[in-house]
Undergrad: 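Take a look at the following structure, please.
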Amino acid sequence: MRGMLRAELMRVRSRSAFWGTLVVLLVACAGLVIAAWDDTRPPSDAAVAQAHLDLDDALASWEDEQDWWTAECEDAEDPWFESVDCDTFGRPVLEQFLPYRDGLAEVVDSRFAPIGGLLVLGLLIMGTSLAAADFASGAMATWLTFQPRRARVVGSRLLAAATATVPLALAVLTAAALGMAGVVAWNGAMQDGGQAAASIAAYGWRAVVAALWGVVLGTGLAFTFRHSAAVIGVVVWWVAAVETALPTILPTSRGVTLVTNLRAWTEGGTSYVTETCRLDAAKNEVCDVVEHVISQTQGGLVMLGVAAVVVGLGLLVFRLRDVG
Amino acid sequence: MARGRDVVEARDDDEGGTIRNGEPAISTRGLRKTYRRFDLSQVVAVEGLDLDVPAGGVHGFLGPNGSGKTTTIRMLLGLARPDSGRMHIFGVPVPERLPEVVGRVGAIVEQPKFVPTFSGRRNLQILAAGIDVPPTQVEDVLERVGLRERGRDPFRRYSLGMKQRLAIAATLLKDPELLIFDEPTNGLDPAGIHDVRATMRGLADEGRTVLVSSHILSEVEQVADTVSIVTRGRLVASGTVASLVAGRGQVRVGVPDPVVAQRVLTGQGWSVQAEDSGLVVAGAPDAGVVNETLARAGVFAHEVRTVRADLEAAFLELTAGTGPGGIDRPAVRRGVRLGNLS
């Protein structure tokens, strides 16, 4: 088995699918880093000048209405107003007219978290490609004349794909994290660095697990259907029928869709809402909105179950079907 | 079954079964395999095949297209599952215990199949790593098949001959006792065919068993010690080449009145075909008997000549029939070359 794993790792390392996936994911991350830079960049001179103009207008209005603002403040009963200088209450400040800038923690939530989904998609394709290409070329048949134990062939493939996935995912996540931290620092928006680092670590390990799930799923599908086009067809059908159409018809089914559960895993939990509408006594439609929370644990268990089913199916089909 | 050469000695092998003197390298009994078409109808590829490949020497595995040769080889190698029947390699039942003997078997099934984007060397290195063969062995086998200089080229850029040589190199990584070549000379130029033939002969001379399925009968006749002929998934003949062609000689007769001569000869129970200006008689003991028979009937031949029997003649006679898996005899008689039929 060690020899088979060594051979499979050599095969993965020599595959353009592996390096191509790495490059595509790094390019996608570069896009997210650019987006992070855009989210945190300081306002331009023109924006600052415009903000000053807007501030001047707002100040003029405030001065015209200052008595009203002062009276509102002084008459307010809320204890919070006790610490407020009512002479300057409601006075506009420049920051109100400048574009909002994210800090690193916000960038991590908005730009780093989606990398988990990207990794799943990329590794799903890579896992499929690695196995399906050998069926297409017939190299699988040659391999079986050397290694006839089919369960071991599947096992070593999965293990090699998973082993190769870890450094690939870490490289992508590290590049993204460093890139985002770099541009945020460059833009001078580095706040809450400690909290951001903790978020990166949390998102990061969950993304690595999600990537492993993606590559295992892709490999299992390839052993089941043997052709990349067939796998793509099945995935497209699944997305259209189960992930999109079914929740439209049956909203509560959103809780069992893969996208929801994957998001629950990669984001540390998620939620979705359903509406229950009825007519009240006045014949008006009244809707109750219910939020359903999906925990990270549930997401992980669903992913694990799906991976087990797909791999089991792939193994069964591979053992039973002839190889050409 | 007669044996072409006696190269097998009794020995114990801790990897698998025990080879005893006279035990075949490959044996199948009642082997059957069907495929389902898209319309769910069944196609019988192999129908109760009983095959024995003697250990040592080159064994030709002959049959027309669709006769089940490749399917049989694929079943032996565990690539296809038989519906029923038993198979043994070196006395070990397969596919149940194939892993025990697979290290002793090298095979090329149909066309050489490797990862097209990898170099020839890389393809072999991966196969070698899988069976714990040291990388130096890869260089040795590349050298042996004359591909060391082209080892860095992607497999997809190889000529058909080079691909075939790489496949042979891959089989040699295991240093196998049994080599299975399925149509190894397909698409090769004459030099390539000569090389493959020499390689097969050389491997057999080293004491290995070579099973070669081929439609080029002259190739098989030159290199094989024994042959098996299958048609429609069944074994129709097996033995040494000499034993198969024995008694299959034909006699060509030139006579002034072919119609009368044909009636006389057919009356003896021989097969007679009109061809060009004469008759071709099959099944007669020899040319002298044919001549004597005609003379007694008052028909005097101006030409009586023995046409040498060869494997091709035996093959045609044994596989005669229509439809897939057999040869349409009238088509053969119209001059379709055998090399294009299988």
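Letters go in sequence order (proteins before strands), and every chain restarts at 1. For clarity, every value in this text was computed on a predicted model and none was experimentally measured. Quick note: numbers below take in every heavy atom, side chains included, and nothing from hydrogens, waters or symmetry partners.
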Undergrad: Going from CG on B:Leu127 to CZ on A:Phe146, what distance comes out if it is rounded to the nearest 0.5 angstrom?
TA: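 One gets 4.5 Å once the value is rounded to the nearest 0.5 Å.
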
Undergrad: Does anything in residues 91-116 of chain B pair up under ring pair (Phe, Tyr, Trp, His ring centres under 6.0 Å), and if so which pairs, sequence neighbours excluded?
TA: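 Pairs touching residues 91-116 of chain B that pass the test: B:Phe114-B:Phe155.
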
Undergrad: Would you mind checking chain B against chain A for donor-acceptor pairs under 3.5 Å and listing them?
TA:
from	atom 1	to	atom 2	distance (Å)
B:Lys33	NZ	A:Asp322	OD2	2.8
B:Arg74	NH2	A:Val323	O	2.5
B:Gly78	O	A:Arg150	NH2	2.7
B:Leu79	O	A:Val323	N	2.8
B:Arg81	N	A:Asp322	OD1	2.9
B:Lys113	O	A:Thr142	OG1	2.5
B:Arg122	NE	A:Ser14	OG	2.7
B:Arg122	NH2	A:Ser14	OG	3.1
B:Gly130	O	A:Gln147	NE2	2.6
B:Asp132	OD1	A:Arg6	NH2	2.9
B:Lys174	NZ	A:Thr145	O	2.6

Undergrad: Which region of A:Leu5, side chain (C-beta onward) or backbone (N, CA, C, O), has a non-hydrogen atom less than 4.5 Å from a non-hydrogen atom of chain B, or is it both or neither?
TA: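 When you check distances to chain B, no heavy atom of A:Leu5 falls under 4.5 Å.
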
Undergrad: For A:Leu170, give me all partners under side-chain contact (heavy atoms from CB on, under 4.5 Å), at least two apart in sequence or on another chain.
TA: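 Result, side-chain contact (heavy atoms from CB on, under 4.5 Å) vs A:Leu170: A:Val166, A:Val208.
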
Undergrad: Could you have a look at B:Ile180, B:Val133, B:Ile131, B:Leu173 and say which one has the most heavy-atom pairs with chain A under 4.5 angstrom?
TA: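 Of the candidates given, the most pairs with chain A belong to B:Ile131.
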
Undergrad: Tell me, please, which residues at least two apart from A:Val33 pass side-chain contact (heavy atoms from CB on, under 4.5 Å).
TA: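 With sequence neighbours excluded, A:Val33 shows a side-chain contact (heavy atoms from CB on, under 4.5 Å) to A:Met180, A:Val183, given in chain and number order.
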
Undergrad: Could you tell me which non-hydrogen atom of B:Pro99 sits nearest to which non-hydrogen atom of A:Pro148, and how far apart they are?
TA: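 Nearest pair, atom of B:Pro99 first, then A:Pro148: CA-CG, 3.9 Å.
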
